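Structure, as structure tokens:
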Amino acid sequence: MARFIDELRRTHRCGELRGTDVGKEVVLFGWVDTYRDHGGCVFIDLRDREGVTQLVFDPNNPPEGSNVDLELVKQAHEMANSMRGEWVVGIRGIVRSRGKNVNPKMPTGEIEIGVIEAVVFNKAETPPFPVRDDLATKEEVRLQYRYIDLRRPKMQHIFKVRHRINQVTRNYFDQAGFFELETPFMVKYTPGGARNFLVPSRLQPGSFYALAESPQLYKQLFMVSGFDRYFQIVKCFRDEDGRVDRHPEFTQIDVEMSFVNPADVFNAMEGLIFRIWREVLGIDLKEKYPSGHFPHMKFDESMRKYGNDKPDMRFDMPHTDLTELVIDHDGGGVPFFQEIAAKFAAGKLRRDLPGEIVKALVVPASAEMSRAEVDKLEGFVKSMGAKGLARAKVAEDGSWTQSPFGKTATKEFIAAVNAACGVKTGDLLLFQFGKEALVQTVMANLRVHLAKKQGLIPESGHGGKFEFLWVVDPPLFEWDDDGHKWVAAHHAFTRPQEGSLEFLEKDPGKVLCYRYDLVLNGFEIGGGSIRLHDPEVQARVFKALGIDEDDARAKFGFLLDALKRGAPPHGGIALGMDRLTMLLSGTESLRDVIPWPKSQKGTDLLTDAPTTVTNEQLTEVHIRVVAPPPSDKGTSG
RNA sequence: GCGGCGGUAGUUAAGUUGGUUAUAACGCCGGCCUGUCACGCCGGAGGCCGCGGGUUCAAGUCCCGUCCGCCGCGCCA
């Protein structure tokens with residue numbers, strides 16, 4: 001029977017005790033945060049997940065009480081002399097007031113513990129970096145010792161928030177009549193969409209499972225099974241390159257509902273978001289959204305004004321699409337634009353098809369950008385594949401100066417552009433033109449970049465602003481330039497809108513669908529759709545995609561069968577749990593809200609995964625490695 | 001796959017046109033210290049300059065290659 005833990009039970013967490021607890025005998029366990037040795041007496045700040053409490057080891061001024069053994073107090077002081085950062089210790093002592101020495105910076109600053117006896121549960125090597133919030137240490141090192149990094153109060157707070165989101169979510173859906181149901185991770189490989197992680201089968205030589213990139217098909221099958229309302233907080237796996245808001249294994253709050261229209265899905269999710277913000281952040285979104293609903297924007301408008309389908313609405317700064325103007329003015333005297341106009345005139349490009357576009361963005365005179373700063377911007381856009389960054393400064397008479405276009409552009413064209421962009425004297429126009437996808441990407445990123453430079457939004461974090469937006473009515477199909485065919489923009493089971501069914505055969509690009517994305521501060525935090533449950537329309541969609549019946553059967557046969565055996569109309573959505581946590585907690589990267597994250601190249605810096613395996617292990621799963629294994633990697637087995 | 005930035009003590013950084021023994025702060029170790037709270041004071045130890053090649057009398061510094069991390073493009077909801 002150990003004295004501590006068995007006999008002396010923990011009475012409080014560090015960070016709980018207040019002035020009202022003075023006089024109590026307490027037992028605390030925790031980690032040595034800092035120690036201050038004054039020779040005769042030693043101060044130690046003891047830390048656990050709830051906070052920090054100051055311990056005093058002082059044999060010359062021992063705590064008063066019936067259970068005080070001076071010999072133990074002396075021993076404890078000896079032990080305290082040797083204690084170092086991150087040692088794991090326990091103490092018994094008396095809560096006493098700090099009198100005049102109150103520390104107003106600490107929640108427990110009114111009190112301290114006069115230590116009667118102590119135990120060292122475990123010594124600790126000097127940590128590679130201090131356990132403090134104001135940390136400058138590289139993320140690489142933090143991830144190597146993530147278990148230490150996670151001790152920092154900031155990190156403990158993030159994962160407490162994440163825990164709260166999970167609990168609120170479960171309560172909310174339970175009360176709303178949803179069942180929490182599970183789906184397999186090891187699933188059939190289905191082509192299209194994200195690249196899958198593969199799991200070799202031992203029992204079926206040469207065959208592979210895929211790790212589920214989402215529970216999409218299974219949750220639809222749940223609807224066919226009659227569960228009516230499903231949710232799951234579930235891991236998803238996608239073998240794609242990293243970004244600040246992407247991770248190879250991530251968590252979704254996955255939802256599917258039967259007999260619903262988009263508004264039903266919106267209501268369900270808005271209810272959840274409102275609850276999370278209220279119960280986790282203490283923010284009532286009703287003040288900002290009195291109707292209880294988030295605003296909508298059509299996909300088309302979002303692309304035109306902001307260049308992507310996830311606009312950050314904390315600021316405006318819209319793009320102006322000048323394609324029509326350029327065509328109407330035959331290029332307006334600008335050689336680059338004349339080229340584009342000529343392509344339209346010759347019928348090489350069509351206005352109703354994706355092709356080449358011209359866009360402009362206004363930097364207000366108040367931003368006072370120097371030539372050098374604009375050159376830096378040019379480097380920024382070039383890193384995204386842009387050829388350059390054409391610009392024009394608007395002079396008092398409306399003419400363009402400091403511009404490659406200024407000399408040749410016609411007066412009429414300049415006036416028209418100025419009017420379209422709504423410029424004022426001193427404003428700077430920035431142009432992009434060419435392939436639509438590239439122009440959109442560059443302009444969308446440029447808009448956000450400029451907003452950060454101008455201080456309209458912070459470099460990272462929400463800055464106290466939460467701007468939600470539903471982006472709705474996107475096209476069902478996307479033109480695949482490489483494959484020269486139409487492909488499903490989302491997946492092949494999204495329901496086309498009734499009004500666009502007529503275009504399915506004659507003009508697939510015009511078919512809109514019941515697809516929706518939830519956007520928060522420029523991040524897509526969720527997306528979903530109403531599904532296609534009508535086999536007849538389904539057949540037409542496959543046809544438009546160039547998928548014949550045999551093809552469809554081979555890939556999705558099980559789902560097509562299910563849809564013919566009593567499938568209710570259904571739809572759903574998935575929220576990015578990690579992104580939601582990231583935005584809500586104001587952290588800068590997805591890795592900050594994942595306890596054990598992987599690096600951008602998918603490695604685990606803590607465990608060194610993935611590693612090579614032994615030949616025996618490979619043989620067992622019928623795999624032969626062709627690529628030479630990296631020489632400096634360890635071998636498991 | 002591509003572009004950008006970075007890698008120097010445990011940590012964060014400095015390091016000049018290539019030139020003596022590679023600096024500083026914090027941390028660490030030892031000593032002193034009874035009211036500190038990022039305690040203070042005195043002393044000390046600590047380096048594969050990411051790795052490999054090359055140029056040179058001489059490389060942390062220049063050149064080539066390579067690995068790792070981050071940001072972005074492509075890819076990806």
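Given the structure is predicted, the values throughout are model-derived calculations rather than measurements. What you see below is based on every heavy atom in this structure, not just the backbone, and it leaves out hydrogens, waters and symmetry mates. Each chain gets a letter, A, B and so on, in the order the sequences are listed, and its residues count up from 1.
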Notebook entry, point to check: If pairing requires Watson-Crick or G-U wobble contacts with both distances under 3.5 Å, which nucleotide is the partner of C26(B)?
Noted result: G10(B)
Notebook entry, point to check: Is there a side-chain polar atom (N or O) of Ser589(A) under 4.0 Å from OP1 or OP2 of C70(B)?
Noted result: no
Check: Is Arg243(A) touching bases, backbone alone, or none of the nucleic acid, heavy atoms closer than 4.0 Å?
Finding: base
Margin query: So Asn103(A), base contact, sugar-phosphate only, or nothing? Heavy-atom distance under 4.0 Å.
Written below: base
Next item on the list: Let me know the distance between CG of Asp37(A) and P of A38(B), rounded to the nearest Å.
Entry: 17 Å
Checklist line | C73(B) - base-pair partner by Watson-Crick or wobble geometry, distances under 3.5 Å | finding: G1(B)
Check: Can you find an N or O donor on one side and an acceptor on the other, under 3.5 Å apart, linking the side chain of Arg98(A) with the base of C37(B)?
Finding: yes
Check: Looking across every strand, which nucleic acid part, if any, lies under 4.0 Å from Arg246(A) by heavy atom: base, sugar-phosphate, or nothing?
Finding: base
Item checked: C1' spacing across the pair G6(B) / U12(B), given as an integer number of angstrom -> 14 Å
Note to self: Just to be sure I understand the rule, does Ala489(A) reach a base, reach only the sugar-phosphate, or reach nothing, if contact means heavy atoms closer than 4.0 Å?
What the structure shows: base
Note to self: For a quick test of reading the model: is some side-chain N or O of Thr441(A) closer than 4.0 Å to OP1 or OP2 of G74(B)?
What the structure shows: yes
Margin query: By the 4.0 Å heavy-atom rule, please label Asp309(A) as base, sugar-phosphate, or nothing.
Written below: nothing
Margin query: Is it the case that the side chains of Tyr230(A) and Gln232(A) hold a donor-acceptor pair, with the cut-off being a distance below 3.5 Å and no angle test?
Written below: yes
Item checked: Mate of U36(B) where both pairing distances stay under 3.5 Å, Watson-Crick or G-U -> none
Notebook entry, point to check: Whole Å only: how far is the CZ atom of Arg36(A) from the C1' atom of C32(B)?
Noted result: 18 Å
Margin query: Base, sugar-phosphate or nothing for Asp134(A)? Non-hydrogen atoms, less than 4.0 Å.
Written below: nothing
Item checked: Opposite nucleotide pairing with A45(B), Watson-Crick or G-U, both atom distances under 3.5 Å -> none
Next item on the list: Find the distance Leu590(A):CG to A77(B):C1' and express it as a whole number of Å.
Entry: 13 Å
Item checked: Nearest heavy-atom neighbours spanning Met582(A) and Leu590(A) -> SD-N, 3.4 Å
Note to self: Considering every strand and a 4.0 Å limit on heavy-atom distances, what is the contact class for Lys601(A): base, sugar-phosphate, or nothing?
What the structure shows: sugar-phosphate
Notebook entry, point to check: What's the verdict on ring-ring contact (aromatic ring centres under 6.0 Å, His included) for Phe556(A) and Phe493(A), showing C-alpha distance, side-chain angles and the deciding distance?
Noted result: CA-CA 10 Å; Phe556(A) 308 109; Phe493(A) 300 97; 5.0 Å; yes
Checklist line | Residue pair Thr108(A) / Gln54(A), side-chain donor-acceptor N/O under 3.5 Å | finding: no
Item checked: Contact under 4.0 Å: Thr126(A) side-chain N or O vs C29(B) OP1/OP2 -> no
Next item on the list: Go through Phe237(A) and Phe185(A) one step at a time and tell me if the ring-ring contact (aromatic ring centres under 6.0 Å, His included) criterion holds.
Entry: CA-CA 9 Å; Phe237(A) 306 89; Phe185(A) 286 149; 5.4 Å; yes
Next item on the list: Could you check which nucleotide pairs with G18(B) in any of the strands shown, counting Watson-Crick or G-U wobble with both distances under 3.5 Å?
Entry: none
Check: Contact class for Gln600(A) (heavy atom, under 4.0 Å): base, sugar-phosphate, or nothing?
Finding: base
Notebook entry, point to check: Could you state the CG-P distance from Asn81(A) to G31(B), rounded to the nearest angstrom?
Noted result: 10 Å
Check: Does the side chain of Gln497(A) pick up a donor-acceptor pair with the side chain of Asp473(A) at under 3.5 Å?
Finding: yes
Notebook entry, point to check: Contact class for Lys100(A) vs. all strands (heavy atom < 4.0 Å): base, sugar-phosphate, or nothing?
Noted result: nothing
Note to self: Both Gly40(A) and Ala437(A) contact RNA chain B. Which one's nearest nucleotide lies toward the 5' end?
What the structure shows: Gly40(A)
Notebook entry, point to check: Is a donor-acceptor pair below 3.5 Å formed from side chain Asp239(A) to base C76(B), judging by atom type as modelled?
Noted result: no
Next item on the list: Would you indicate what Arg47(A) reaches in the nucleic acid, counting non-hydrogen atoms under 4.0 angstrom: base, sugar-phosphate, or nothing?
Entry: nothing
Note to self: Classify Asp517(A) by what it touches in the nucleic acid, base, sugar-phosphate, or nothing, heavy-atom distance under 4.0 Å.
What the structure shows: nothing
Note to self: Show, in sequence, the C-alpha distance, side-chain angles and deciding distance for Tyr516(A) and Phe266(A), and conclude whether the ring-ring contact (aromatic ring centres under 6.0 Å, His included) test is met.
What the structure shows: CA-CA 9 Å; Tyr516(A) 31 81; Phe266(A) 297 161; 5.1 Å; yes
Checklist line | U11(B) base stacked by Phe129(A) (centroids within less than 5.5 Å, tilt under 30°) | finding: no
Notebook entry, point to check: Using a cut-off of 4.0 Å on non-hydrogen atoms, how would the nucleic acid contact of Lys310(A) be classed: base, sugar-phosphate, or nothing?
Noted result: nothing
Checklist line | Leu446(A) CG - C73(B) P separation (whole Å) | finding: 13 Å
Notebook entry, point to check: Rounded to the nearest Å, what distance is computed from the NZ atom of residue Lys138(A) to the C1' atom of nucleotide C70(B)?
Noted result: 11 Å
Next item on the list: Let me know the distance between CZ of Phe43(A) and P of A38(B), rounded to the nearest Å.
Entry: 13 Å
Notebook entry, point to check: Under the 3.5 Å rule, do the base of G69(B) and the side chain of Arg142(A) count as making a donor-acceptor pair?
Noted result: no
Margin query: Quick check on C73(B): is either OP1 or OP2 less than 4.0 Å from any side-chain nitrogen or oxygen of Lys382(A)?
Written below: no
Notebook entry, point to check: 5'-most contact on RNA chain B: Arg195(A) or Arg591(A), nearest heavy atom basis?
Noted result: Arg591(A)
Note to self: Checking side chain to side chain donor-acceptor pair (under 3.5 Å) between His319(A) and each of Gln440(A), Lys359(A), Arg304(A), Arg447(A), which is the one that passes?
What the structure shows: Lys359(A)
Margin query: Strictly below 4.0 Å: does Thr34(A) bring a side-chain N or O up to OP1 or OP2 of A38(B)?
Written below: no
Margin query: Ignoring hydrogens and geometry beyond distance, is the side chain of Asn445(A) in donor-acceptor contact with the base of G72(B) at under 3.5 Å?
Written below: no
Next item on the list: Using the six-membered ring for Trp and the full ring for Phe, Tyr or His, decide whether His38(A) stacks on the six-membered base ring of G35(B) (centres under 5.5 Å, planes under 30°).
Entry: no
Next item on the list: Under a 3.5 Å limit for both distances, which nucleotide forms a Watson-Crick or G-U wobble pair with C62(B), could you say?
Entry: G54(B)
Margin query: Distance criterion of 3.5 Å, no angle test: do you see the side chain of Glu112(A) paired donor-to-acceptor with the base of G35(B)?
Written below: yes
